[in-house]
Amino acid sequence: MLQIKADIIGKEEVMPGVFNLIIVSPEISRNARPGQFVHVLCPSGDGFMLRRPFSIHRVVPGRAFEILFQVVGKGTEALSRVKIHDTLDIIGPLGTGFKYSEDIKSALLIAGGLGAAPLLFLAEELVERQVLFYPMLGYKTKTQMLRYIDFKRLGKKTYAATEDGSFGHEGTVVDLLNRTVHNIRPEIIYACGPVGMLKKISETADEFGIECQVSLETKMACGIGVCLGCACVTRQGYKMACKDGPVFDTRDILWGAEDYEKGRASGCGCDNEAPPETDSAG
Amino acid sequence: MLQIKADIIGKEEVMPGVFNLIIVSPEISRNARPGQFVHVLCPSGDGFMLRRPFSIHRVVPGRAFEILFQVVGKGTEALSRVKIHDTLDIIGPLGTGFKYSEDIKSALLIAGGLGAAPLLFLAEELVERQVLFYPMLGYKTKTQMLRYIDFKRLGKKTYAATEDGSFGHEGTVVDLLNRTVHNIRPEIIYACGPVGMLKKISETADEFGIECQVSLETKMACGIGVCLGCACVTRQGYKMACKDGPVFDTRDILWGAEDYEKGRASGCGCDNEAPPETDSAG
Amino acid sequence: MKNPVMPASGTFGAGREYSELMDINRLGALVAKTVTLKPRDGNIPPRLCEVSSGMLNSIGLQNEGIDHFLKHDFPFMKEFDVPVIINIAGNSLEEYAQLCREIDRVEGVSGIELNISCPNIKAGGIAFGASSKLAEQVTAAARYNTQLPLIVKLTPNVYNISKIARAVTSAGADAISLINTMVGMSIDTNTFKPNLGNITGGLSGPAIKPIAVRMVWEVAQSVKIPIIGIGGISNALDAVEFFLAGATAVAVGTANFINPLTMTDIISGLEAYLVDKGFTDIGQIIGKVKT
Amino acid sequence: MKNPVMPASGTFGAGREYSELMDINRLGALVAKTVTLKPRDGNIPPRLCEVSSGMLNSIGLQNEGIDHFLKHDFPFMKEFDVPVIINIAGNSLEEYAQLCREIDRVEGVSGIELNISCPNIKAGGIAFGASSKLAEQVTAAARYNTQLPLIVKLTPNVYNISKIARAVTSAGADAISLINTMVGMSIDTNTFKPNLGNITGGLSGPAIKPIAVRMVWEVAQSVKIPIIGIGGISNALDAVEFFLAGATAVAVGTANFINPLTMTDIISGLEAYLVDKGFTDIGQIIGKVKT
Ligand SMILES: Cc1cc2nc3c(=O)[nH]c(=O)nc-3n(C[C@H](O)[C@H](O)[C@H](O)COP(=O)(O)OP(=O)(O)OC[C@H]3O[C@@H](n4cnc5c(N)ncnc54)[C@H](O)[C@@H]3O)c2cc1C
Ligand SMILES: Cc1cc2nc3c(=O)[nH]c(=O)nc-3n(C[C@H](O)[C@H](O)[C@H](O)COP(=O)(O)OP(=O)(O)OC[C@H]3O[C@@H](n4cnc5c(N)ncnc54)[C@H](O)[C@@H]3O)c2cc1C
Ligand SMILES: Cc1cc2nc3c(=O)[nH]c(=O)nc-3n(C[C@H](O)[C@H](O)[C@H](O)COP(=O)(O)O)c2cc1C
Ligand SMILES: Cc1cc2nc3c(=O)[nH]c(=O)nc-3n(C[C@H](O)[C@H](O)[C@H](O)COP(=O)(O)O)c2cc1C
Ligand code: FES
Ligand code: FES
């Protein structure tokens, strides 16, 4: 982990409201592992101050790394206005990243929308490690198929679902998973996307006895394990998404209730669940 | 007074850190009088929110008006980054402006630095009204002679002082005034600049029995006379700089103590002075 | 009330200036700047200072007194098709009582707001609002002297806001407004002088919104009377937070200075929000925070 | 102390993580996150929410307990050439007393900070800090059980901070830190749920700075012991405001999360400020606000 002032050398609006930045950092590009993130001081704007976490989307080994982000609020809005050769204050790489044992042979990578961000880096790593993998990508509609081509180029067979049926399977990526999982039979599932989707994927994985790792998003302050603000509820007690995660084995996660399906943004899937031991002591 | 979203059609950095903006507004340009100001919502930046007041510097009759401002803090910094064809949210014209009786024949206009902002508009008005006037301009040094040429073009005889003596009289504009006032013998003095300078000018004016009007700067919130925040102490009690001023007759002003000379920014020259009736009632 | 959006006392004068910039008839109510029995000069300048996401003020209740107000300002306010609330402050119980008696006689007043929370005056003001006993007494004194709807405006500078709210409720308040400003201070690091002539002042604006929402929520749990939520409201979603917390109306202060159209924007924004969420009435979201 | 700048408890852990990003040896002191007698899980997530110029947290004093702390964290902290202050909280007077007894035995501790101001726990915490009587009792209990310098950390959620400050001073506090966070709340207008699992949380950051400066100034008028100023400090000039108000040292919280170099930047900035103003020692500006 280090704090850098890094040059932006590439910026692309890959689809309306979604941007890709290429950021120079030999150190981060060298040390980063898939699933890790960087904590970015977005250029000062209107009434926000905390850093914003973004997954490392891809690396240009030894030289630069990329982030892929969607404008959803003030921080990302400010970030979308940076220009090439602007400098960003970044802390990273952070978090533990995806884990893979040496002898794994086949993996399923499931991304919902922006969930593609950490998974493309993982896909490139798996190619390197000669692990067979199947990208399974869920989108709203055909015109928003973020990184489809890239995954298709890297994966063995690429599955896609669109909610409106304009491309691939009509429906959610969860439906698609449930229809196809008995054919694919991966040894491991890696997933990233809305928490409701992740929870359902973990249920399927459970049912089929497949190991499953997901990248969880929580609100973060420090991003490095100090403030204890990004807690997720696990069977081992509270774990910090920024330091113990953001990637967790779904067998450890205690998911929250229904309303996570509605995409509550600020949680890690756990805020309706009593913590392992409650606070009654004090 | 009205609130407008106005186009910027001209921007010039007239000297390092000092900008001139030309802003389209038929209404404001038509209604504005010298000494009035506009209340500007500076583009959102880092942790400030209130509008900032700027004198109307010049008008393009029936079409646009100008402001001349120096970057001193966050608001002016943000404002200096606007681009041509950006839009600004502006309330104006505000305040009462300089007063002149019909039969006045000669005036002395004294500007310290940015004090030139409202006085150039006044100078143009006086030319129109065929009043003879003498600009007297104080600057730090030769290279910072804001609007000297413009005043020289309009005035009968232009006096200048630089603190380092690189042009004109060496010393302050107050020294220059004291040396020359008995020769000029104006019927009225109009002045704008740091409050310490204004106080000294008013003393000289008093001594020579010359009417004197000054434009005072105070911190403002509403800018339109509602919040009662921009109070100045006068012999008639508290007056609001934004509504009763910013131009005051110096005979009415109760000046504050010594430290105003040091250029305390946030006052109107009155905060060390007991108010006419003190607060002891409640 | 046409809608639950009004100005916060002291940030809208008597509406005269803002009437040139916006349509007062769209508001839910007009709330006048605090009036006192006798004219008050207010505090020594400087009276304003901007701070992060907020401002400090130490106006000190400058006003021309109740007689002048009733003769010159109230008639102007009454002309609008909007209920008028008169906000009052006194140095003593007797002054509050007397103000209520005088206002009670006046035709066309829709309510009295007791300001027992001004941090910028030496006697009275916040002192009444910081003690449940005094708050109860001043409310009772006012209640005894007027039939008009009585709103009590509380100060956030206390540990237990619910206790104060219960006290004024039991003394006969018809509604509570909260919050007034937090006491704050700012120092000029060049001159070593406080940025306010009065040394300390009242902090308002977005900076205090989380404190205000929390207090509205707490008070909504402990009393049944309506609450006017105030504190850092700048847009419709800010207002929605207060409604969810339990406010039945909201008042806008500092934001008026920044954008005179804030209140009318909020009124439109609330309508859009309700439609968007499938509600027909603001009542459907009041107090509906899912805790 | 090399200089009067230190981290605020709970925003720097035990310094482990930040030691990778900055030079801890430059700090005036290290202040550990609050430890309790027994391990605490902390509060249900979400625990953070950003608001205008500030953040809300409801961590709930998650920590592994004093034994674990002394075994695993304190040895790490002790390695630096910097005084270490241990911050403690309890549910009862007896717990505070016991924690003091245990820490008193430990070699290399420079001071104990009593957190009687945490807004995020159900028993103890803020309740001790909001009553001058309880504050006095808990300070006395601690004082009786340790020879170490004793700092008491106060909550701003009270009307009369000077009264509390006097109470803890008379009970034997050697210093006061203030402020801890203001209680606040934020609601998600989409889901109607509070943005914190614990419903309310503590407001920190620049938003509370004016409140903190005012309280430091008030307390500096009423007690003679040193004050550690805390609340929204992000740069050297913020720190200067606290010194002028009467703080003898400052602690930085939320700003660490934004820029891990905040404290070292402040240390350099203060030096530059003093030179610029012609002072040789920070002592020359302490309490020097010209009121
Ligand atoms: C480990 C990690 C990795 C991430 N990687 C990426 C990435 O690669 N690409 C990307 O686009 N985003 C990513 N995110 C989410 C990203 O951090 C948020 O979108 C961003 O912080 C929002 O900031 P904002 O100021 O624009 O929005 P805000 O103004 O803070 O919020 C706007 C809206 O977005 C929601 N929101 C805020 N923070 C989050 C969050 N952490 N997760 C989900 N919703 C949120 C809010 O609830 C609100 O509805 C990641 C988050 C984490 C924790
Ligand atoms: C009626 C009126 C007319 C004005 N006309 C002009 C003009 O034509 N051109 C121009 O450049 N400026 C003018 N000013 C001053 C201008 O409003 C301030 O410079 C501006 O508000 C500073 O904003 P900021 O955010 O950049 O500075 P801040 O961050 O608010 O402050 C930075 C520094 O500037 C000082 N400062 C802030 N406000 C004022 C003020 N009102 N007067 C003096 N110092 C201040 C602060 O004390 C501080 O030292 C006028 C002020 C008034 C009241
Ligand atoms: C400049 C100013 C003057 C104020 N004057 C009064 C007043 O006279 N009476 C009163 O009850 N409240 C007064 N207030 C408090 C506001 O009514 C309101 O309670 C407070 O500002 C919080 O709301 P806000 O954050 O929307 O401004 C004043 C506030 C400001 C900023
Ligand atoms: C995430 C977080 C955790 C905190 N934990 C503690 C704590 O454990 N003990 C404590 O005394 N104060 C704690 N505080 C309060 C800070 O020490 C400090 O008093 C407060 O945040 C105000 O300072 P700031 O505005 O610089 O953050 C915490 C604050 C934050 C933001
Ligand atoms: S964000 Fe601070 S511990 Fe994870
Ligand atoms: S700025 Fe509000 S009255 Fe002048």
Side-chain angles (χ1 to χ4, degrees), chain C residues 49 51-56 126-127 129-131 155-160 182-195 199-203 205-218 232 234 236-245 273 277 285 288-291, chain D residues 49 51-56 126-127 129-131 155-160 182-195 199-203 205-218 232 234 236-245 273 277 285 288-291:
Chain C
C49 163
V51 292
S52 296
S53 296
M55 60 180 276
L56 294 169
I126 201 173
S131 139
T155 172
N157 298 279
V158 299
Y159 178 57
N160 191 341
M182 292 289 317
V183 186
M185 177 173 180
S186 165
I187 301 173
D188 186 320
T189 54
N190 269 319
T191 62
F192 288 24
K193 294 182 68 172
N195 280 317
I199 306 178
T200 62
L203 177 62
I208 64 170
K209 197 185 76 176
I211 302 171
V213 171
R214 187 264 300 183
M215 291 199 164
V216 166
W217 176 72
E218 271 186 30
S234 310
L237 291 185
D238 290 342
V240 168
E241 270 194 76
F242 281 85
F243 290 119
L244 291 171
Y273 175 87
K277 298 283 163 196
I285 69 167
K288 290 299 191 300
V289 58
K290 296 184 185 156
T291 53
Chain D
C49 164
V51 292
S52 298
S53 295
M55 60 178 277
L56 294 169
I126 200 173
S131 139
T155 173
N157 297 278
V158 299
Y159 177 59
N160 192 341
M182 292 288 319
V183 185
M185 177 174 181
S186 164
I187 302 172
D188 185 321
T189 53
N190 269 319
T191 62
F192 289 23
K193 294 183 70 172
N195 280 318
I199 305 178
T200 63
L203 177 63
I208 64 171
K209 197 186 75 175
I211 302 172
V213 171
R214 187 263 301 183
M215 291 196 164
V216 166
W217 176 72
E218 271 186 27
S234 310
L237 291 185
D238 290 342
V240 168
E241 270 194 75
F242 281 85
F243 290 119
L244 291 172
Y273 176 89
K277 299 283 163 194
I285 69 166
K288 289 298 190 301
V289 59
K290 295 186 185 154
T291 52

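Throughout, a chain's letter reflects where its sequence line sits, starting with A, and its residues are numbered from 1. Please read all numbers here as calculations on a predicted model, not as lab measurements.
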Below 4.5 Å from any heavy atom of chain D, which atoms of [X] appear? Answer side chain, backbone, both or neither.
X: C:Thr189; result: both
X: C:Leu56; result: side chain
X: C:Val289; result: both
X: C:Ala212; result: neither

side-chain contact (heavy atoms from CB on, under 4.5 Å) against C:Ser52, all qualifying residues, sequence neighbours excluded |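 Scan of C:Ser52 (side-chain contact (heavy atoms from CB on, under 4.5 Å), adjacent residues dropped) gives D:Ser53, D:Pro206.
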Measure across D:Ala207 and C:Leu203 and return the closest heavy-atom pair with its distance rounded to 0.1 Å.
->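 The answer is O-CD2, 3.8 Å.
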Chain C contact via [X] - which portion, at a heavy-atom distance below 4.5 Å:
X: D:Thr200; value: side chain
X: D:Ile211; value: both
X: D:Leu237; value: both
X: D:Tyr273; value: side chain

Sole residue of C:Glu241, C:Arg214, C:Met215 in side chain to side chain contact (heavy atoms under 4.5 Å, CB included) with D:Met185 |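 Among the candidates, only C:Arg214 passes.
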May I have the step-by-step check of side chain to side chain contact (heavy atoms under 4.5 Å, CB included) for C:Ile285 and D:Phe192, ending in yes or no?
-> CA-CA 9 Å; C:Ile285 69 167; D:Phe192 289 23; 3.9 Å; yes
Report yes if the side chains of D:Val213 and C:Ile187 come closer than 4.5 Å at any heavy-atom pair, otherwise no.
->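 They are in side-chain contact.
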Most chain C-contacting option - heavy-atom pairs closer than 4.5 Å, from D:Asn157, D:Val183, D:Val158 |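 The option with the most such pairs is D:Val183.
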Can you list the residues that meet the side chain to side chain donor-acceptor pair (under 3.5 Å) rule with C:Lys277, with sequence neighbours excluded?
->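 C:Lys277 satisfies side chain to side chain donor-acceptor pair (under 3.5 Å) with D:Asn190 once adjacent residues are dropped.
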Give the C-alpha distance, both sets of side-chain angles, the deciding distance and a yes or no for side chain to side chain contact (heavy atoms under 4.5 Å, CB included) between C:Thr155 and D:Tyr159.
-> CA-CA 10 Å; C:Thr155 172; D:Tyr159 177 59; 5.8 Å; no
Could you check which of C:Ser186, C:Gly201, C:Pro210, C:Ala245 has the highest count of heavy-atom pairs closer than 4.5 Å to chain D?
->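 The residue among C:Ser186, C:Gly201, C:Pro210, C:Ala245 with the greatest pair count is C:Pro210.
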